[in-house]
Novice: 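Take this structure, written in structure tokens, and hold onto it; I'll ask about it next.
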Number of protein chains: 2
Amino acid sequence: MDLDRFDRQLLNLVQQDCGQTADRLAEHVALSPSAIQRRLRRLRESGVIERESAIVDPRAVGRPTLFIVSLQVERERPDLMAQLRKWLAAQEHVQQAFYVTGEADFVLVVTAPDAETYDALMGRLVSENPNVARFTTNVAMSVVKRGLTIPVPLEE
Amino acid sequence: MDLDRFDRQLLNLVQQDCGQTADRLAEHVALSPSAIQRRLRRLRESGVIERESAIVDPRAVGRPTLFIVSLQVERERPDLMAQLRKWLAAQEHVQQAFYVTGEADFVLVVTAPDAETYDALMGRLVSENPNVARFTTNVAMSVVKRGLTIPVPLEE
DNA sequence: CCTGAAATCTGGTGGTC
DNA sequence: GACCACCAGATTTCAGG
């Protein structure tokens, strides 16, 4: 699917706020509201817009602590690697998981209400995934920025 | 602001999909649609729901590469620390930035269309922020999971 | 005071040019 | 891509618990 200038503008706007009406979006995109709606629908159906999600304040729901985890694994067994990926994806406390180059093999972003919950999770991680060699934890003392926004250039 | 069982259910649902109608949400929450709408509005106005955002597929917009960066700084100068935070928050390519304990001082998640763009950004990081001592980069080869969802327990 | 129900009104959907 | 008619959902108001 290729995106023209209008689609790109829409993507930038909708990443900031996907609750806006088409009329409101039309103030920025020089397109009629119905054209905007049709484009948004196409973007959703084609999977360019993966999901529309509410971002909640962690402090408000009593889940304040974020942990950044670097994970080293034994890479010999492809089946265990697949299992680990599945395991990570299934854990609700694991917000994000990346398979990376470098010293670490995976980098995780984990939320937990407290250190005990986090410890329990990591205990299960190592006991249920035999190819996990070791991990190091960084506790987030403050969140400087938080989002999944991807800047979309208007011209390719 | 304190949240009852219904609010907590709503937050979990709306983190998965904030485009749902109140009727649809009512199928899961045992509340009338109008009660749901009022609660959602309150959650937004009180800041429990910070933002509602579309999540776009990085591949679809030609910005496929994610970098995980560990940053070490000289911590002597509080003013420079504040400046660095501001700088990070202002960079559109910096999706996330955490101030952490441990070996690293900051962990960043950065998007870029290619390595050159990334290099240029990091060049500006060090030249415009004199207290940046060093950084190490991990390139994300694959994204196992990606989200900002916080599991909200129904009972406090 | 908060929840559920009815009426109004705004925004989204599909056809057509 | 814009215009128009139709319908679904959101907002407001009111009654009941």
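Just so we're on the same page: letters track the sequence lines, and every chain starts at 1.
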Novice: Separation of B:Arg39 atom CZ from D:dA10 atom P, in whole Å?
Specialist: 17 Å
Novice: Using whole Å, what does the distance between atom P of nucleotide C:dC1 and atom CG of B:Asp2 come to?
Specialist: 16 Å
Novice: Do the side-chain N and O atoms of B:Gln72 and B:Arg134 include a donor-acceptor pair separated by under 3.5 angstrom?
Specialist: yes
Novice: If I take atom CD in residue B:Glu27 and atom P in nucleotide D:dG9, what distance separates them, rounded to the nearest angstrom?
Specialist: 11 Å
Novice: What I want to check is whether the side chains of B:Arg124 and B:Gln91 have a donor and an acceptor closer together than 3.5 Å.
Specialist: yes
Novice: Both distances below 3.5 Å, Watson-Crick or wobble geometry, any strand: find the nucleotide opposite D:dA8.
Specialist: C:dT10
Novice: Without decimals, in angstroms, what is the distance between B:Leu40 CG and C:dT3 C1'?
Specialist: 15 Å
Novice: Send over the distance from A:Gln37 CD to C:dT13 P, rounded to a whole Å.
Specialist: 5 Å
Novice: How would you label the contact of B:Thr21 with the nucleic acid (heavy atoms, under 4.0 Å): base, sugar-phosphate, or nothing?
Specialist: sugar-phosphate
Novice: Would you say B:Arg38 reaches D:dT13's phosphate, i.e. side-chain N/O to OP1/OP2 under 4.0 Å?
Specialist: no
Novice: In the strands shown, is D:dA2 matched to any nucleotide by a Watson-Crick or G-U wobble pair with both distances under 3.5 Å, and which?
Specialist: C:dT16
Novice: So, A:Tyr118 versus A:Thr111: side-chain donor-acceptor pair below 3.5 Å or not?
Specialist: no
Novice: Do B:Arg77 and B:Gln83 pair up side chain to side chain, a donor and an acceptor below 3.5 Å, judged on atom types alone?
Specialist: no
Novice: Tell me: CZ of B:Arg42 to C1' of C:dT3, nearest whole Å?
Specialist: 11 Å
Novice: Check for me whether B:Arg85 meets the cation-pi criterion with B:Tyr99, that is, NZ or CZ under 6.0 Å from the six-membered ring centre and within 45 degrees of the ring axis.
Specialist: yes
Novice: Can you measure B:Gln20 atom CD to D:dA8 atom C1' for me and round it to whole angstrom units?
Specialist: 16 Å
Novice: In whole Å, what is the span from the CD1 atom of B:Ile36 to the P atom of D:dT12?
Specialist: 17 Å
Novice: Establish whether the base of D:dC3 is bridged to the side chain of A:Ser32 by a donor-acceptor pair shorter than 3.5 Å.
Specialist: no
Novice: Ignoring the backbone of B:Ser34, work out which of C:dG4, C:dG12, D:dG1 is nearest its side chain.
Specialist: C:dG4
Novice: Mind checking if B:Arg24 touches a base, just sugar-phosphate, or nothing, with heavy atoms under 4.0 Å?
Specialist: nothing
